[in-house]
Amino acid sequence: MKIAFISSEVFPFSKTGGLADVAGALPAALTGLSHKVRIFTPLYISIDKEKFNLKPDESLSGVAVEINGKPHNVNIYRGVLPEEDVPVYFIDYPEYFSSKSYYADDEYEDVRFILFQKAVLELLLIMNWKPDVVHVNDWQTSLIPYYLKENYAGEKLFRDAVSLLTIHNVGYQGLFPKPALINAGIDPKLFYVTGPAEFYGKVSFLKLGIVYSDLINTVSKTYAKELLTDEFSGGLKDVFISRKKDLFGIVNGVDYSVWNPETDELIPQNYSLETISLKEKNKISLASEFNLDYHRDVPIFGIVSRLVSQKGFDLFYDLFDELIGMNAQLIVLGSGDEKYETFFKKAEYFSSGNIKTHIGYNNDLAHLIEAGADIFLMPSLYEPCGLNQIYSLKYGTVPVVRKTGGLADTVDDWDESVKKGKRDGSGFSFTEFKSEELWKTIKRALKYFNDKPTWRQIQINGMRKDFSWEKSAKKYDELYKLGLGRKRV
Ligand code: ADP
Ligand code: GLC
């Protein structure tokens with residue numbers, strides 16, 4: 001199959017979160033299944049063209065994109081996923097992709113991604129590359145299924161293509177004031193209360209994608225079910241219910257060539273299941289990096305996260321005294337909402353030296369924390385999949401999570417496994433979104449941390465888990481085939 005894979009971020013070129021990790025790994029795994037995949041993504045100014053050897057493709061440049069009657073000329077750069085044979089096409093339009101952050105929330109936000117999506121379709125036409133599957137991700141690319149069915153309905157090149165929309169996070173929907181309708185060239189008839197393009201008076205790119213995609217999936221089985229409820233659907237419950245038979249859940253994989261303690265070049269000491277005791281050396285380095293006193297018997301909790309409400313940080317407010325007084329250390333790496341940044345900086349300030357906060361995005365530190373921490377904290381309010389807890393499993397860093405979305409699907413609670421007589425739990429989890437539940441679970445983890453044989457068992461259970469992309473890519477392969485089968489009927 002020929003698969004056009006379209007994403008607003010792709011690791012290692014651009015990344016704000018897990019979407020980039022998925023877009024940098026799934027296409028390679030699909031290529032491994034003998035599919036021909038081409039990736040399409042914006043050329044943000046921060047992407048290092050030299051480092052990644054990206055070259056302008058003169059033969060494809062000058063792609064004409066019309067927005068609201070005005071022509072825009074777009075250039076194309078080409079590269080490949082490092083170490084892989086997967087071509088990546090970069091949409092170059094400096095006027096729109098030069099701000100420091102990819103998602104600027106300014107007056108051009110809609111136009112930026114309208115231009116990107118139209119440019120991708122025009123580019124496919126210029127290349128005369130006939131995709132069997134057009135796989136789009138999140139709101140930044142969710143107009144494409146609509147364009148395929150309406151604006152490009154007459155194009156032979158797209159006639160047999162199946163569109164799949166992967167929703168990585170329903171908390172971000174691409175909602176814009178009404179002029180976005182004209183900018184995007186969406187039929188104004190679709191904009192009425194509860195209509196396909198309307199969400200509480202705003203134009204919704206994601207909703208249009210959900211309505212128009214041939215198939216929809218999200219990044220875990222539990223989140224796929226949660227999307228059908230009031231609590232988790234971001235107001236789109238009825239739309240999801242109307243597409244229930246086309247909605248699937250496929251858990252994300254992990255790129256073990258990037259996240260593997262055996263081969264990770266960003267950590268001081270490599271280790272594996274067989275040499276797990278060497279992990280301690282990373283703890284020593286981590287403590288020293290963050291200016292913490294190292295104690296073998298005092299666990300380090302790690303957090304690596306966007307600091308946003310989705311990740312459950314409201315639960316920490318009522319635990320301030322417990323955290324600064326606990327016989328454990330905490331390292332927080334993240335950036336995001338000011339209130340959470342301030343909370344953790346304050347916790348560091350008032351602590352007796354057991355809490356360290358690093359505000360910012362830092363890939364090297366993310367790897368060091370995964371390798372050096374004893375316990376990984378991820379008490380999310382909601383979590384479509386979540387990748388850090390899966391990385392943690394591989395690194396023998398025991399995850400403490402809230403049982404929601406992908407966290408529920410990837411982490412098994414130790415005590416629950418014991419109750420079933422199995423002893424195969426890989427972490428600790430809780431259900432109710434309450435500070436005292438999180439605290440109880442942290443204390444459970446602390447108790448077992450002191451019971452060394454049990455702790456080792458929990459670590460080993462996690463490290464044995466296999467969330468490689470090969471497995472999940474096969475599920476995508478099945479989904480594509482399902483779509484194509486239906487289309488040909
Ligand atoms: P989300 O996509 O919702 O942010 P995921 O767990 O799926 O959550 O993916 C987050 C990814 O972003 C992981 O690869 C994680 O290591 C990375 N990440 C998040 N915050 C930071 C940070 N401050 N510094 C470095 N990496 C980060
Ligand atoms: C989103 C979700 C996260 C998921 C990631 C990749 O950012 O918040 O749970 O792992 O996308 O699918």
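We number each residue from 1, following the sequence as shown. Both ligands and their constituent atoms are indexed starting at 1 by order of listing.
Salt bridge absent: D413 and K403 never bring a charged side-chain N and a carboxylate O closer than 4.0 Å. In summary, R486 and D246 engage in a salt bridge, as defined by a charged side-chain N under 4.0 Å from a carboxylate O. Using a cut-off of 4.0 Å between Lys/Arg side-chain N and Asp/Glu carboxylate O, E437 and K440 are scored as salt-bridged. The pair E478-K481 does not meet the salt-bridge criterion, since no charged nitrogen lies less than 4.0 angstrom from a carboxylate oxygen.
Atoms of ligand 2 lying under 4.0 Å from any heavy atom of Q310, numbered from 1 in the order shown and given with element: 8 (O). Ligand-side atoms of ligand 2 in range of N252: 6 (C), 10 (O), 12 (O), range being under 4.0 angstrom from any heavy atom. Near V219, meaning under 4.0 Å from one of its heavy atoms, ligand 2 places the atoms 12 (O).
Using a 4.0 Å heavy-atom cutoff, G406 is absent from the residues neighbouring ligand 2.
Residues that satisfy the side-chain hydrogen bond (donor to acceptor under 3.5 Å, both in side chains) test with S392, not counting sequence neighbours, are E370.
A donor-acceptor distance shorter than 3.5 angstrom exists from the side chain of Y147 to the backbone of A184, with no hydrogens or angles considered.
Residue contacts with ligand 2 for V22 involve side-chain atoms from C-beta outward but no N, CA, C or O (heavy atoms, distance under 4.0 Å).
The protein heavy atom nearest to atom 12 (O) of ligand 2 is H168 ND1, 2.6 Å. Atom 3 (C) of ligand 2 has as its closest protein heavy atom E383 OE2, 3.4 Å.
Ring centroid separation for the pair Y102 and Y44 comes in under the 6.0 Å cut-off.
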Between the protein and ligand 1, which nitrogen or oxygen pairs come in under 3.5 Å, and how far apart is each?
unit_1   : atom_1 : unit_2 : atom_2 : d
ligand 1 : 2 (O)  : G18    : N      : 2.6
ligand 1 : 3 (O)  : R306   : NH2    : 2.8
ligand 1 : 3 (O)  : K311   : NZ     : 2.7
ligand 1 : 4 (O)  : R306   : NE     : 2.7
ligand 1 : 6 (O)  : L387   : N      : 2.8
ligand 1 : 6 (O)  : N388   : N      : 3.4
ligand 1 : 7 (O)  : L387   : N      : 3.4
ligand 1 : 8 (O)  : K311   : NZ     : 3.1
ligand 1 : 9 (O)  : G18    : N      : 3.2
ligand 1 : 14 (O) : K15    : NZ     : 2.7
ligand 1 : 14 (O) : D21    : OD2    : 2.7
ligand 1 : 16 (O) : N388   : OD1    : 3.2
ligand 1 : 23 (N) : G360   : O      : 2.8
ligand 1 : 24 (N) : N362   : N      : 2.9

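Test K394, H367, Q269 against D264 for side-chain hydrogen bond (donor to acceptor under 3.5 Å, both in side chains) and you get one pass: H367.
For ligand 2, one of its N or O atoms has an N or O atom of G386 under 3.5 Å away.
For the 3.5 Å distance criterion, the side chains of D409 and T222 qualify, holding a donor opposite an acceptor.
Proximity of F344 to I359: side-chain heavy atoms (C-beta onward) are nowhere separated by under 4.5 Å.
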